[in-house]
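A single structure is presented below for examination.
Positions are given from 1 along the sequence. We use all heavy atoms of the structure for the numbers below, so side chains are in, but hydrogens, waters and symmetry mates are not.
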Amino acid sequence: MTSTGSDDGSLLRPVAASNGRGPALARGGQVVYAARRLGELLHGRPPGVTGHQWSSAGRECFDHVVCAAPTGRPLFAVEVGPPVPPGSAAQRAERMKDAVCAAVGLAVLRIASPTLRAADHGRRIVEYVIDARAYAEAVRSDPGHTDPGEATPVAFRDIVGRLPDGRSGHVNDLGALARAAAVEAYVSRRLVDPIVRGLHVCWADGPAEGWSWVEVRPGRCLVERVRVSEHRLSCGVDPGRLAEDLAAVAVGERLRGLDGGEPELMDREQLDGDIRQLRARRDEMRNGFGFDHLCAD
């Protein structure tokens with residue numbers, strides 16, 4: 001049965017604490033609930049969605065749902081986990097879920113990574129996005145929100161301040177701890193290069209993609225790739241830079257295991273070839289390819 005929705009015409013159902021399932025966190029006038037099924041967020045099957053789509057998608061779960069604190073109305077949902085294989089049952093379920101979310105206007109942020117997981121990294125990502133969106137809104141509402149002498153507002157990711165180790169740097173770089181860990185690993189001779197490098201692109205008809213890598217042994221690199229998909233949502237920062245920073249976070253996660261044995265590594269020549277192949281697809285990107293310097297012979 002198709003629902004008529006709430007009194008204000010919305011099909012989104014306010015989320016409330018129940019059966020011990022209270023908010024996982026509260027931040028910036030918003031509350032965040034963990035592990036909610038799509039069916040719990042709606043009054044019923046939306047118009048235009050088939051019964052099969054609804055029965056399948058309604059059982060699908062989001063890792064986090066961000067809601068307005070006063071009303072409990074869902075603002076956006078977040079998923080963090082491994083990329084789904086093309087043509088798989090998981091991809092079909094994802095598409096059905098996307099169709100239902102599009103029908104009701106529910107915004108979704110999807111982060112696909114072989115390494116990052118909601119249980120370990122989801123809360124920090126959600127906090128970051130809430131803060132970044134609030135900052136972007138403040139900048140839009142206050143044109144004078146700039147650094148002295150700057151013609152345009154400072155982007156959230158570009159804010160400079162004091163880092164936990166006392167150095168000055170970009171305080172909203174999610175990969176900062178991973179970069180510090182790489183330096184420590186280099187000092188202890190577990191890496192041959194202390195620099196976590198990276199790139200990012202935004203596909204014209206798809207997600208943003210970020211790559212990050214560090215050289216563990218001569219000619220052998222630890223490589224991570226992350227995709228960020230914004231569906232009816234702006235996460236408050238450039239999604240490509242967010243994807244690259246999250247790839248750095250994933251590199252840092254894998255650097256933790258260096259003492260337990262060498263992780264899976266990629267030949268530097270293969271990585272260079274992959275970067276050149278990526279460059280060759282610049283016409284498929286929204287803003288082109290800004291990392292030609294990585295392809296220099």
Side-chain angles (χ1 to χ4, degrees), residues 76 78-80 83 107-116 121-140 145-147 150-161 163-164 167-182 195-214 222-254 271 274-275 278-279 281-282 284-295:
F76 63 96
V78 179
E79 292 182 340
V80 182
V108 177
L109 176 64
R110 181 172 291 127
I111 296 168
S113 163
T115 299
L116 303 181
H121 311 98
R123 181 186 177 109
R124 179 69 188 100
I125 292 170
V126 171
E127 290 175 339
Y128 184 89
V129 171
I130 289 174
D131 291 348
R133 283 167 54 84
Y135 180 86
E137 179 60 32
V139 167
R140 281 193 296 268
H145 197 92
T146 63
D147 265 0
E150 293 288 338
T152 58
V154 178
F156 181 76
R157 173 60 174 78
D158 294 329
I159 295 173
V160 174
L163 298 174
R167 295 179 299 111
S168 177
H170 293 108
V171 295
N172 293 320
D173 172 11
L174 283 171
L177 292 179
R179 301 182 208 285
I195 300 176
V196 177
R197 306 176 193 277
L199 61 80
H200 61 268
V201 300
C202 293
W203 298 106
D205 297 317
E209 186 171 341
W211 298 13
S212 190
W213 62 91
V214 65
L222 189 161
V223 182
E224 283 287 333
R225 300 175 184 177
V226 172
R227 290 196 165 202
V228 171
S229 302
E230 299 173 303
H231 300 275
R232 298 165 298 281
L233 176 80
S234 171
C235 59
V237 295
D238 177 85
R241 295 186 72 184
L242 176 59
E244 183 179 336
D245 285 348
L246 288 172
V249 173
V251 165
E253 190 69 24
R254 291 178 60 196
L271 175 60
D274 288 349
I275 294 173
L278 191 66
R279 179 183 61 174
R281 300 177 61 191
R282 66 168 74 243
E284 302 173 44
M285 302 170 190
R286 282 204 298 271
N287 303 310
F289 182 76
F291 298 89
D292 290 297
H293 60 281
L294 295 175
C295 303

Fill in: Point-to-point distance, once rounded to the nearest 0.5 Å, from CG of Asp238 to CZ of Arg157
10.5 Å
Item to complete: Let me see the working for Leu109 and Val126 under side chain to side chain contact (heavy atoms under 4.5 Å, CB included), right down to the final yes or no.
Response: CA-CA 10 Å; Leu109 176 64; Val126 171; over 6 Å; no
Discussion item. Within the structure provided, determine whether Leu174 and Leu242 are in side-chain contact (heavy-atom separation under 4.5 Å).
Written reply: yes
Worksheet item: Can you name the nearest heavy-atom pair linking Leu233 to Ala107, along with the distance?
Response: CB-CB, 3.8 Å
Item to complete: Can you see which heavy atom on Gly198 is nearest to which on Leu294, and at what distance?
Response: O-CD1, 4.2 Å
Fill in: Check: Glu224 and Pro114 side chains under 4.5 Å, non-hydrogen atoms
yes
Response to the item:
So OH of Tyr128 and CG of Asp245: to nearest 0.5 Å the spacing works out to 5.5 Å
Discussion item. Taking the basic N atoms (NZ, or NE/NH1/NH2) and the acidic carboxylate oxygens, is any pair closer than 4.0 Å for Glu127 and Arg123?
Written reply: yes
Worksheet item: If you draw the axis of the six-membered ring of Trp211, does the NZ or CZ of Arg225 fall within 45° of it and under 6.0 Å from the ring centre?
Response: yes
Worksheet item: Above 12 or not: heavy atoms from other molecules or residues under 6.0 Å from CG of Leu177?
Response: no
Fill in: Check: Asp173 main-chain N/O paired with Arg241 side-chain donor or acceptor under 3.5 Å
no
Worksheet item: Is there side-chain contact between Leu278 and Met285, with heavy atoms separated by less than 4.5 Å?
Response: yes
Discussion item. Quick one, His170 and Val160 - any side-chain contact, counting heavy atoms below 4.5 Å?
Written reply: yes
Practice prompt. In sequence, state the C-alpha distance, the side-chain angles, and the governing distance for Ile125 and Ile111, and then conclude on side chain to side chain contact (heavy atoms under 4.5 Å, CB included).
Written response: CA-CA 10 Å; Ile125 292 170; Ile111 296 168; 3.5 Å; yes
Worksheet entry | Distance in Å, Ser229 OG paired with Trp203 CH2, rounded so as to fall on 0.5 Å steps | 13.0 Å
Practice prompt. Check step by step if side chain to side chain contact (heavy atoms under 4.5 Å, CB included) holds for Asp292 and Arg282.
Written response: CA-CA 10 Å; Asp292 290 297; Arg282 66 168 74 243; 2.6 Å; yes
Worksheet item: Where the side chain of Glu230 meets the backbone of Cys235, is there a donor-acceptor pair that is under 3.5 Å apart?
Response: yes
Worksheet item: How many angstroms lie between atom CZ of Arg254 and atom CG of Leu222, to the nearest 0.5 angstrom?
Response: 4.0 Å
Item to complete: Please work out which of the three classes, parallel, tilted or perpendicular, describes the rings of Phe156 and Tyr135, given edges at 30° and 60°.
Response: tilted
Discussion item. Test your reading of the model: is there a side-chain donor-acceptor pair from Arg286 to the backbone of Cys202, 3.5 Å cut-off?
Written reply: no
Discussion item. Contact between Phe289 and Ile275 at the side-chain level, heavy atoms closer than 4.5 Å - yes or no?
Written reply: yes
Discussion item. Could you report the tightest heavy-atom contact between Val80 and Gly122, atom names first, then the distance?
Written reply: CG2-CA, 4.5 Å
Practice prompt. Output, in order, the C-alpha distance, side-chain angles, deciding distance and verdict of side chain to side chain contact (heavy atoms under 4.5 Å, CB included) for Val228 and Glu244.
Written response: CA-CA 9 Å; Val228 171; Glu244 183 179 336; over 6 Å; no
Worksheet entry | Separation between OG1 of Thr115 and CG of Leu246, rounded to the nearest 0.5 Å | 11.5 Å
Worksheet entry | Whether Phe291 and His293 hold their rings parallel, tilted or perpendicular, with breakpoints at 30° and 60° | tilted
Practice prompt. Search all heavy atoms of Glu209 against all heavy atoms of Ala243 and return the closest pair with its distance.
Written response: C-CB, 3.8 Å
Fill in: Over all atoms of both residues, closest heavy-atom pair of Ala250 and Ser113
CB-OG, 4.4 Å
Response to the item:
Between Cys295 and Arg279, the two heavy atoms sitting closest are CB-NH1, 3.3 Å
